[in-house]
Protein chains: 2
Amino acid sequence: MKPSPDTLRAFTEAAHGGSFTAAARVLGKSQSTISEAIANLEIDLGVKLFDRSTRRPQLTPEGQLLLAQASLMLQAEERFMRTAGQLAAGLEPRLTVVLTDRYQSPDYESILAELDQRYPALEFECLLGEGADALALVQEGRAQLAMVAAQPAYPSDLARATAQHPSQTALFVAATHPLAKQPSPSVDDLAHVRELRLNTYLDEASITAKGHYWSAPSFLLLMEMAELGFGWAALPRWMVERYAPGKLVELRLPGWPQQGAIDVVWSSRRPLGVAGHWLRQRLSA
Amino acid sequence: MKPSPDTLRAFTEAAHGGSFTAAARVLGKSQSTISEAIANLEIDLGVKLFDRSTRRPQLTPEGQLLLAQASLMLQAEERFMRTAGQLAAGLEPRLTVVLTDRYQSPDYESILAELDQRYPALEFECLLGEGADALALVQEGRAQLAMVAAQPAYPSDLARATAQHPSQTALFVAATHPLAKQPSPSVDDLAHVRELRLNTYLDEASITAKGHYWSAPSFLLLMEMAELGFGWAALPRWMVERYAPGKLVELRLPGWPQQGAIDVVWSSRRPLGVAGHWLRQRLSA
DNA sequence: ACAAACTATCGATAAAACCGATGATAACTA
DNA sequence: TAGTTATCATCGGTTTTATCGATAGTTTGT
């Protein structure tokens, strides 16, 4: 015989309050219900849970042990019911967001922490994808949200909002690099030093249109190369401040640092679930 | 409405086997019972768990999420029932053993690990107490077992058995100590060097009956003092091998190292629970 | 000894769990 | 395409369980 959740509630509540009658009041049942429930539980388990020789039932040592485990069961049940409730209220079981390496930011961390707290059962998936790729993932339903560099126009089945935090990209060289000694070098100066650039897609305007360059598929790699003095690179400022403080020096050029607006994009065909809706609002300005 | 354990079993079993009928067979119920149980569960939760468009019901994404949590509940329930079963079979809810500092040993670790595996819910308490103290704790019921140095006779309400592992106590000095250079010093040699001895009780025969000595309440402290070269000490060999390998040197004297038999002691008045019984047998020769 | 506050027990009733039978649907086979 | 099989949903009837109110018995404190 499996004990029902109600029976366990009766048990834990009676143990907590030290009285069957009090437990009955709390649970909105009659006293006899609690009494019988616990008596039957004791019979089913073959264990005396309470010592009734005194007026207020006293937990036996065995009862204390089982109380702890019963609480764990009820805790698990509570989680189950809560996520069921959230699902019934429209929570999508999983949420996929595609980010561009360029536009990650520590600001998102607190937002994600909030998301985790609100929807603990939600499966959250984070993809990396560039420009058109990211949009395609949203269009075909593989992802629900994307954060991309703002574009003048989007396909008609996509909706957009401006993100709360723009990206700040600046030019950096190693502090030990000769270029670091010039306060504000010219474009020509840069042309004589190797550029380190992303090779993920090519529609980005390079400052030195045809210069020699090394490339890497992620900003983290680029930053390491820059630290080692291989050249200069355009990098997200937060990344430099966080992972290479003091090792890189910013270069001041006309038009830099660049402030790039970021768009949150979702499909207007597929309605967002509650978590997606919440996250979109939280990310938008 | 709280879902009953049987309902959850039906859910997890159906999800696992991919068939309500198969789940019914496994659970020993009729197919209609499972079907209705799951249908009701879906109604109660407000969440569609299975996609029935195909012949074999397919878990929805929501169902997958809830399946994981349901499994956790059932797991907790299983633990609950198992410890209830053990308690019903005579498992005592807590077991207290009193050890003497002198007679700890790494051999006990594996035995305790086994105990933990057999009786995961058991509350295990470990006390430290010397000779007569330890016996008193067992007599008054505060502890169920004690491990003490073998005595010729015990109070009539105590029973004993010889423990599996005798204690090996030997004499040690720091490797840097002048005494360490003599292969086998005489008692007189020792008398001129400070003794480090336990101060927990005084009925132990000291080698240098009246010599100068320092004392500490635990072997670990004594060993540290010996390591620092403050004198020589009688220490459990396992402790030196484990915590100060190479730092101390054993001294060979007639009658040393001492091999001390250890007794497992319990009360003949209070019958041991199953865990206590098991532990006693495991500790005895 | 009495009052107050419990718990245990009993009979009745409402709710649910369960079963077997039946019908409907999808997948497989010839 | 038609028939067969395996499966699920539904329904009526039966058994089991949960719950309540009433009542009797205990412990605690006055």
Side-chain angles (χ1 to χ4, degrees), chain A residues 1-60 62-63 66-67 70 73-74 77 81 84, chain B residues 1-60 62-63 66-67 70 73-74 77 81 84:
Chain A
M1 292 304 136
K2 319 266 182 177
S4 83
D6 282 342
T7 301
L8 292 180
R9 275 307 295 270
F11 171 38
T12 59
E13 201 58 51
H16 181 258
S19 152
F20 294 1
T21 308
R25 271 196 300 273
V26 170
L27 299 177
K29 314 209 168 176
S30 80
Q31 174 266 327
S32 64
T33 299
I34 306 299
S35 175
E36 283 180 286
I38 292 182
N40 287 333
L41 181 61
E42 287 178 323
I43 292 171
D44 288 345
L45 300 180
V47 177
K48 280 274 162 294
L49 298 172
F50 288 96
D51 173 16
R52 274 98 154 177
S53 67
T54 131
R55 163 137 63 158
R56 334 212 10 133
Q58 193 79 18
L59 265 183
T60 61
E62 289 86 352
L66 289 174
L67 173 63
M73 287 182 58
L74 291 175
E77 193 233 351
M81 292 305 285
Chain B
M1 291 307 134
K2 319 265 183 179
S4 81
D6 282 341
T7 301
L8 293 180
R9 275 306 294 269
F11 171 39
T12 58
E13 201 57 50
H16 181 257
S19 153
F20 293 2
T21 308
R25 271 196 301 274
V26 170
L27 300 177
K29 314 210 170 175
S30 80
Q31 174 267 325
S32 63
T33 300
I34 307 298
S35 174
E36 283 179 281
I38 292 183
N40 286 333
L41 181 61
E42 287 178 322
I43 292 171
D44 287 346
L45 300 179
V47 176
K48 279 274 162 291
L49 298 172
F50 289 96
D51 172 15
R52 274 99 152 174
S53 67
T54 130
R55 164 138 61 156
R56 336 215 3 137
Q58 194 79 19
L59 265 184
T60 62
E62 289 86 352
L66 289 175
L67 173 62
M73 286 182 60
L74 291 175
E77 194 233 350
M81 292 304 285

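Naming: A, B, ... by sequence-line order, numbering from 1 per chain.
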Base D:dC8 paired with B:Glu36 side chain (donor-acceptor, <3.5 Å): no
Short side-chain N/O contact from A:Thr21 to OP1 or OP2 of C:dT7, under 4.0 Å: yes
Touch class at under 4.0 angstrom, heavy-atom based, for A:Gly18 against every strand present: nothing
Main-chain N/O of A:Gln31 paired to A:Ser35 side chain as donor or acceptor, under 3.5 Å: no
A:Asn40 vs A:Ser53, nearer the 5' end of DNA chain D by closest nucleotide: A:Asn40
Whole angstrom value for the distance that separates P of C:dC6 from CD1 of A:Ile34: 14 Å
Comparing A:Arg52 and B:Lys29 on DNA chain C - which has the more 5′ nearest nucleotide: A:Arg52
side-chain N/O A:Ser30 vs D:dC20 OP1/OP2, d < 4.0 Å: yes
Selected nucleotide, minimal atom distance to A:Ser32 side chain, candidates D:dT7, D:dA22, D:dT27: D:dA22
A:Asp44 CG - D:dT17 P separation (whole Å): 9 Å
Euclidean distance, atom CZ of residue B:Arg55 to atom C1' of C:dA27 [Å, nearest integer]: 4 Å
Interatomic distance where CG belongs to B:Asp51 and P belongs to D:dC8 [whole Å]: 13 Å
A:Pro3 side chain reached by B:Met81 side chain, heavy atoms, under 4.5 Å: yes
Distance-only polar pair, side chains of B:Ser4 and B:Asp6, donor-acceptor under 3.5 Å: no
Protein-nucleotide distance (B:Phe11, atom CZ; C:dA17, atom P), rounded to Å: 17 Å
Under 3.5 Å: donor-acceptor pair, side chain of A:Arg56, backbone of A:Gly17: yes
Nearest-Å distance for atom pair CD/P, residues B:Gln31 and D:dA6: 14 Å
d(CG, A:Leu41; P, C:dA8) in whole Å: 13 Å
Atom pair distance, as rounded to whole Å: CD in A:Glu42 and P in C:dT7: 13 Å
Proximity to the side chain of B:Ser35 - top-ranked nucleotide from D:dA9, D:dT28, D:dC20: D:dA9
Sugar-phosphate, base or nothing in reach of B:Ser4, heavy atoms under 4.0 Å: nothing
Main-chain N/O of B:Leu49 paired with B:Glu42 side-chain donor or acceptor, under 3.5 Å: yes
